[in-house]
Each structure stands twice: as structure tokens, then as C-alpha cells.
Amino acid sequence: MPWNVSLPPPEWYPHGDRRIEAIVREVLDLDEVATDTETTGLNIVADFPLYWSLAWGERRVCMPATTIPYFRESFADPTKRWIFANAKYDTHMFANVGIDTAGELMCTQVMHSLLYEEESHELKYMEKQLLGWQTRSFKDLFAPKKGETIGERLQRAEREGELDKLIEYATCDAYCTGKIKGILKHQLENEPTFSLYPEQFPNLWHLFFKVEMPFTKVLWKCERQGVKVDCEYLKKIQGPIEEEIKKLERKLNRLAGRLINPQSNPQLREYFYGDLKIKPRTYTKGGKKGVREPSIDGKMLEWVAEQPDNPDAKAAAEVLLRLRDLMKTNGTYIVGMQKRLDQHQRIHTRFNQDVARTGRLSSANPNMQNVKTVEEDEWQVRGAFIADEGKDLIVGDYEQLEMRLLACAAAEPAMIDIFLSNRDIHMGNAALIFGPSYEKKHGWRMSYEDIVEAKSIDKKVKAGKLPDSEMTELVRLCLVARLRAKTIGFGLNYGMKENKLARSLDCTKQEAKDLIDLYLKTLPAVQQFYDSAIEECKATGYSFTLLGRRRFHPEIFSSRLTERWGAERKAVNNNIQGTAADVVKLAMIRCDRERLDLRFGTHMELQVHDELMFENPKETTREAIAVIQDIMEHPLPTNLAVPLTVSIGSGPSWINAK
DNA sequence: CTTCGATGCGCG
DNA sequence: AAAGCGCGCATCGAAG
């Protein structure tokens, strides 16, 4: 703390102190109180608080965590507002000593992220940025000995006469959190939004107060609930996977004639580009130092695996591709997942509300948002996420959420029409875009129905229900058309240019450019939407979502083309991705408000961007599904130009709940 | 000894 | 010369 800052003196009340009774009464009368915990660690279900601090007015108070239950009445008050630097985490800690927080959770990290999305949202950073105070970090003040846990370090602090230091540190955090909240509230109130709903969200404070703040609690419940894991299943597949890994490692070493660590890219580079004399075709991005190395990624290995004239390289590439797949599955999911289970074999991911610049969630410890899909995963890891006994999993998926929102934002009549008539957007787009040109080229105008038919033939041929001869040239043309429309559609939302499109469609740059031109000429409102998003960004410096969440793009005027293009891409994408995030967020808040838990025994477990997962007692699954679907399909204050549709189903595991 | 950048790869 | 958005994790290996 700098010399010129005067904080109120810290107050310490040991367990059993008579004066605590007065504190309890005082806190009970407060509308808002800032709180911070000092805990045994960072695990949201296993760790617990050792000390806690409260701050209000010019008071800052520290007590042992054993006093938390004395404040039960305050915690039970649904109207009280608790201010935290990291609300979800601290309330987990309270829950871990048996105290649920009924009040509202105000999180300064989340508040900060709405204003300064590119900056750190840590308390220490905000203290410096907003208060101008440089406080010392926990690790600095309480450096742990080797192998010592945070909890052990804290207990040693008290034993070794460092209690004053601890009290000063702990109360300072709570006090600063309260002050920072005041500053951030003021700043949020002074930032108008460009929301579609200006009455509900005139400025960022409303966005925080009406959406993000209740959302924090929804996420807390998801994290708390966790997902049941079928441990037996994981163990069952672990054996064969590890066997195969060993076998493949031996094979790789045999091929190389020496020991190679398949997880060391430098070693692999030496082997493939040195020993095996593969000619580099692509290079890595090059980090800070800008050193671009020959790539050793999946694309490159797949290419090598198709070179018959270099049989050793071919074999090694095939082995390595397989090894990478197996090692990731085993390390991250089979072994990694089991380490994270609680005593009820449930996994508790953490949903981060303030990481993604677009307002999306991120998931960590473990990341439940990048588990392989059923189609891609021979080990069916998703099958290991199950419903508890007597329960179902319910999974609801938005269908083409981002494309629907694009159609609405752009007010593109052709796309809106496709959605209103409940057709597949990529098939519809393909027919619109390529139909006329195919007529010129092939004398046959490809229709929407042709593509539907082609897709169905393709499916049946792949399933062996129809002979290969059914895959006529026209069928192939239809499939290519759909794939192209899909790739371009998604690609443009990400700001893809002809260069990259040519590579992903395997065509020339000129062809790719013509395809993009044709696409945007056919859907002119989409082109206009992209243009106006960039214009808006140039006029304001920001891009905005439907509810008014914003993102700053200072590079929009950069003289460096790559930088400017980057800002343009992000501005366009933030409109779409961020609005989709808004929609799902509102749906989750409504699911919570509708008290599905009380009505059906429903508990929300996961969000995977456009997908929600619930655990539900079997007896009420049917009713719950109907209500959830209705909520998810009508998340906004008003209806949009196209309906948001949700496919929803239930089952015993993540695989068969769709 | 820990930390951090780089790489590769999974999801929407 | 290159130019696709948004994330997290495991791992290696260099740097502090």
C-alpha cells in the first residue's frame, strides 16, 4: 500500500469473541456487503474457507471461517447483495462449509469484463487500475515452502505470528472489492448501449444487473450440480487404449531406429524433415520470435500418409496420427477425468463468465465444451457422462442459431423465407446460389428438393442400403453445392477470404473469389449486414450484440492491412457469436426463474454454446422437456423475424439424450 | 525450481 | 508473405 493512502484500521474477531454478535446484527441490516475468503485451495468442491473478511462503509473485518454459520440469517436473506471479486468461487467455499447464499451475487470480475474485455479482471489488477493502489500479492506475502498447500501456509501464518499481516491482507481485499464495485457501477451507468431493447438496457449497468448478475448464480448452480460420470465405462476402455498406445510407440521407435517422444514436436520435426527428408509444405504460425517451423500437424501427417513412395514416412505418419488421438483421449478424458471426480463420481466443471470477448462462456477444469462429438469419437467418451439413478439427461440444441440470427440481423428475405418454411439453410442457400448457374452449365436447374433427395441417397449409400451406382453425377453436384454453401456461409461469418476458402474447398483462388461474390450477390442483405457492422465499428470503435454487450476494436483504423482486416473480422463475428451467446444466456436465466427444480426436479448441468443439458427425474421428463423447449425457443422479449427452433430429447447418457 | 510461450487439437 | 471467430488442455522445452 502506498504511503499516501489511508485505509480504515482492520478489525479482527477470533472465534468466540463476544463482539461478533454485534457484527452479526450489523451485517443483517446491510443491503450490500463486500466479502472475500481465504481458503485451502482452488478446488470448488473440495476446498473450504479458513478466514473470511467483510467490508461495508469504512469498516473492514476479518474472522475465522468458523464464524460463518453465525451469519446464517444474512446468508438466507434473498434480498441481500453480496459483493465479491470472484462471486462463484467464494460462494462455493461458503457452500463447502454448509452455507448457501440466497442473496444476489455481484461479481466485480464480471462487471469489469463488460467494460475492459481485453484486460485482466483480477482483483490485484483492478486495485491498481481503478484505485491506483499497488497491493502485494498473496504469493508475495505468504510464499509457500516447497510442497506446502495454501491451507498449510495460512495455518502456519497464524502459528508463526503473521496474523496481523494476514488480517491486513484479507480485509484489504474485501475493502477494495467494495470500493471497486462502486467505481465500476458508476462507469457501467455511464456507458450507453446500442441494444435492440433500449428501454430494458439503456446502459451497461442494466446489462450487468438484469442479465450477468442473475446469470452468475445460474452458473453457480450448474457448477454445483456437476455431471455424473460412468467410471466403470472409463476404466473399461482405458486398458485397450493404453495397450495400443504402447504398441504404437514401439512401432514408431522401430521405424525411426531410435527412441522418439511422440509428444515432442522438435523430435518429430527432426525425424520427418531430417531423417525422412520430407519437404516442408506448410509452416507453423511463428510466435513472438516469429520463428516459423515446418508443421507437424494432422494435415501434414495426412499428406505424408498418402505418399506411397516413402513407405517409412507413410507408416510413421499413420502411427503418429493414431497415437496423438489415443494419447489425447486417454490423458485428457480417461485418466484426467477420473482425477477430478468428487465422492459421488460427479464432475464439476467451471463456467467462466468473463473470459470470452464475445460474451460466450468458457468451461475449464475440465473443459466440457470440447469433448469429442459422437460421430468423431470411436471411444464414445460422451457416453461416460450419464444421468444419476432414476434420472434422465435432457439435451436441448438450438438448430442453426447463428445462421438464424444472421438472417434476422441482416433481414435477408431469402434466408428468412428458408427458415420460415422450415428448410435446411445450407440446402436452401445452395439452391438459391448455384441453381441458376448450374442451369447454364448443365442445362438442369438444381432445386432445393434435388438437394434433399441427394442427401438422402448419400446417407443410404453410406449405410449400404443403396448401391454405389445411385451416386450419380447430379447427386454429387448437389452434395458439393450444399457443402460449398455451408462452408462459405460459416466462413463469411468468420471473415474468411478467398485464400483460405480455396484451401478448404480445394479449388483455385479465383474460383473461391467467384463463389464468395456469387454468394453475397445472391444474398445482398447479408453483404449489407457485414458492411454495416464494419461501418458501425468505424463510427463508434465498437461492435455490439443484440442486448448491447460491446467489444472494442481499436485496430479498425490501423494502417496495417492484416490488423485492420482482423478487426473487421472480429467486429462482424462479435455481432453474430455474441448475440447467440446473449440468446442462450437469457434462456438459461429463464430456465432458472421458472423454477424447474421445484416443479420437475430439474437441474441444469451444462451449456455447450448452443446446447443445454439437464438432469431430470424420469417421472417428469416429458413435462420438463416441453417446458424447457418452450423457454429455449422464446428467450427474447420480442420474437424475431424467424423462429428459434430447438431439438430436444432425453436418455441415460449424453450420447442418447438427443 | 517454477513459469510461460509454442504447438497441436478438440468443441461450437 | 499472409490474412477464419471464440475458447481450454496436455505437453515440451526454454527462460527466469
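Computed over heavy atoms, backbone and side chain alike; hydrogens, waters and symmetry mates excluded. In what follows, chains are A, B, ... by sequence order, proteins preceding strands, each numbered from 1.
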Participant: Applying a 4.0 Å non-hydrogen cut-off, can you work out what Ser504(A) is touching in the nucleic acid: base, sugar-phosphate, or nothing?
Facilitator: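 Result for Ser504(A) = nothing.
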
Participant: Counting the atoms with a prime plus P, OP1 and OP2 as sugar-phosphate, which does Val355(A) contact under 4.0 Å by heavy atoms, base, sugar-phosphate, or nothing?
Facilitator: sugar-phosphate

Participant: Might you confirm whether atom NZ of Lys497(A) has over 12 heavy atoms from other residues, nucleotides or ligands at distances under 6.0 Å?
Facilitator: yes

Participant: Picking from Asn575(A), Asp582(A), Thr358(A), what satisfies side-chain hydrogen bond (donor to acceptor under 3.5 Å, both in side chains) with Thr545(A)?
Facilitator: Asp582(A)

Participant: So Asn574(A), base contact, sugar-phosphate only, or nothing? Heavy-atom distance under 4.0 Å.
Facilitator: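 Result for Asn574(A) = nothing.
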
Participant: If you measure from OH on Tyr398(A) to CD on Glu633(A), what distance do you get to the nearest 0.5 Å?
Facilitator: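 The CD atom of Glu633(A) is 8.0 Å from OH of Tyr398(A), to the nearest 0.5 Å.
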
Participant: Between Lys328(A) (NZ) and dC12(C) (P), how many Å, whole number?
Facilitator: 14 Å

Participant: Applying a 4.0 Å non-hydrogen cut-off, can you work out what Glu611(A) is touching in the nucleic acid: base, sugar-phosphate, or nothing?
Facilitator: nothing

Participant: If you check the Thr284(A) side chain, which of dG12(B), dT7(B), dG13(C) turns out closest?
Facilitator: dT7(B)

Participant: For Ser362(A) and dG8(C), is the shortest distance between a side-chain N/O and OP1 or OP2 below 4.0 Å?
Facilitator: yes

Participant: Would you say the side-chain atoms of Glu293(A) pair up with the backbone N or O of Thr284(A), donor to acceptor, closer than 3.5 Å?
Facilitator: no

Participant: So, taking the atom named OG in Ser504(A) and the one named CZ in Arg484(A), what distance separates them when rounded to the nearest 0.5 Å?
Facilitator: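 Between atom OG of Ser504(A) and atom CZ of Arg484(A) there are 10.5 Å.
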
Participant: Taking the P atom of each, how far is dT7(B) from dA3(C), in whole Å?
Facilitator: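 It comes out at 14 Å once rounded to the nearest Å.
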
Participant: Whole angstrom is fine here: how far is it from CG in Leu320(A) over to P in dT11(C)?
Facilitator: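 Going from CG in Leu320(A) over to P in dT11(C) covers 15 Å.
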
Participant: With a non-hydrogen cut-off below 4.0 angstrom, is Gly331(A) in contact with a base, only sugar-phosphate, or nothing?
Facilitator: nothing

Participant: Between dA10(C), dA3(C), dG13(C), which one does the side chain of Arg340(A) approach most closely?
Facilitator: dA10(C)

Participant: Do the side chains of Glu536(A) and Arg550(A) get close enough for a salt bridge, i.e. N-O under 4.0 angstrom?
Facilitator: no

Participant: So, Lys228(A) and Glu605(A), do they make that salt bridge, N to O below 4.0 Å?
Facilitator: no

Participant: Side chain of Thr562(A) only, please: which of dA2(C), dC9(B), dG8(C) is the nearest?
Facilitator: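 Nearest nucleotide to the side chain: dA2(C).
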
Participant: Determine: side-chain N/O of Thr373(A) to OP1/OP2 of dC11(B), distance under 4.0 Å, yes or no.
Facilitator: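 So the side chain of Thr373(A) is within the cut-off, an N or O lying under 4.0 Å from OP1 or OP2 of dC11(B).
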
Participant: So, is Arg560(A) close to the dA2(C) phosphate, meaning a side-chain N or O under 4.0 Å from OP1 or OP2?
Facilitator: no

Participant: Could you check how far CH2 of Trp565(A) sits from C1' of dA2(C), rounded to whole Å?
Facilitator: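 After rounding, the reported distance stands at 9 Å.
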
Participant: Spell out yes or no: do the side chain of Asn370(A) and the base of dG10(B) have one donor N/O and one acceptor N/O closer than 3.5 Å?
Facilitator: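 Per atom types, the contact qualifies.
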
Participant: For dA6(B), take OP1 and OP2 only and decide whether either is under 4.0 Å from a side-chain N or O of Arg292(A).
Facilitator: no

Participant: On the side chain of Gln577(A), is there an atom forming a donor-acceptor pair with the base of dC5(C) - under 3.5 Å, no angle test?
Facilitator: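 Under the 3.5 Å cut-off, the side chain and the base do form a donor-acceptor pair.
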
Participant: Could you state the CE-P distance from Met337(A) to dG8(C), rounded to the nearest angstrom?
Facilitator: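 Between P of dG8(C) and CE of Met337(A): 16 Å.
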
Participant: Taking only the side-chain heavy atoms of Glu293(A) (C-beta and beyond), determine which of dA3(C), dT2(B), dT7(B) contains the nearest atom.
Facilitator: dT7(B)

Participant: Just how far, in rounded Å, is P of dG10(B) from CG of Leu326(A)?
Facilitator: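 Rounding to the nearest Å, CG of Leu326(A) and P of dG10(B) are 12 Å apart.
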
Participant: Which part of the nucleic acid does Arg350(A) contact within heavy-atom distance under 4.0 Å: base, sugar-phosphate only, or nothing?
Facilitator: nothing

Participant: If you only use heavy atoms from C-beta on, which nucleotide in dG6(C), dG8(B), dC11(B) is closest to the side chain of Ala356(A)?
Facilitator: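 The answer is dG6(C), which lies nearest to the side chain.
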
Participant: Can you tell me how far C1' of dC11(B) sits from CZ of Phe351(A), to the nearest Å?
Facilitator: 13 Å

Participant: Tell me whether Glu302(A) is salt-bridged to Arg324(A), with the criterion being a basic N under 4.0 Å from an acidic carboxylate O.
Facilitator: no

Participant: Check the phosphate of dG10(B) against Arg382(A), side-chain N and O only, distance under 4.0 Å to OP1 or OP2. Yes or no?
Facilitator: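 No, no such contact exists.
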
Participant: Between Asn365(A) and Thr358(A), just flag the one whose closest nucleotide in DNA chain C comes earlier from the 5' side.
Facilitator: Thr358(A)

Participant: Using a heavy-atom cut-off of under 4.0 Å over every strand shown, decide if Leu401(A) touches base, sugar-phosphate, or nothing.
Facilitator: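 Touches nothing.
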
Participant: Taking N and O atoms by type only, does the side chain of Arg360(A) place a donor or acceptor under 3.5 Å from a partner on the base of dG12(B)?
Facilitator: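 Yes, the side chain and the base share a sub-3.5 Å donor-acceptor pair.
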
Participant: Can you identify which nucleotide, out of dG8(B), dT3(B), dA3(C), has its nearest atom closest to the Asn499(A) side chain?
Facilitator: dA3(C)

Participant: Rounded to the nearest 0.5 Å, what's the gap from OH on Tyr333(A) to CZ on Arg382(A)? Could you check?
Facilitator: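 If we round to the nearest 0.5 Å, Tyr333(A):OH and Arg382(A):CZ are 9.0 Å apart.
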
Participant: Check the distance between dA10(C)'s P and Leu323(A)'s CG and give it to me in whole angstrom.
Facilitator: 18 Å

Participant: Does Lys570(A) make a side-chain donor-acceptor contact with the base of dC5(C), cut-off 3.5 Å?
Facilitator: no

Participant: Give the stems involving DNA chain C, where a stem is 3 or more consecutive Watson-Crick or G-U wobble pairs (i with j, i+1 with j-1, and so on) under 3.5 Å.
Facilitator: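 Stem list for DNA chain C: B:1-12 with C:5-16.
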
Participant: Would you say dT11(C) has OP1 or OP2 under 4.0 Å from some side-chain N or O of Ser264(A)?
Facilitator: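 False: Ser264(A) side-chain N/O out of range (4.0 Å or more) of dT11(C) OP1/OP2.
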
Participant: Indicate yes or no: does Glu555(A) engage Lys570(A) in a salt bridge with an N to O separation below 4.0 Å.
Facilitator: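 A salt bridge is absent here (no side-chain N lies under 4.0 Å from a carboxylate O).
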
Participant: Once hydrogens and angles are ignored, does a donor-acceptor distance under 3.5 Å link the base of dG4(C) to the side chain of Lys500(A)?
Facilitator: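 Indeed there is one.
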
Participant: Expressed in angstrom and rounded to an integer, what is the separation of Gln263(A) atom CD from dT7(B) atom P?
Facilitator: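 Nearest whole value for this atom pair: 17 Å.
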
Participant: Ignoring backbone atoms, test whether Arg324(A) places a side-chain nitrogen or oxygen under 4.0 Å from the OP1 or OP2 oxygen of dC9(B).
Facilitator: yes

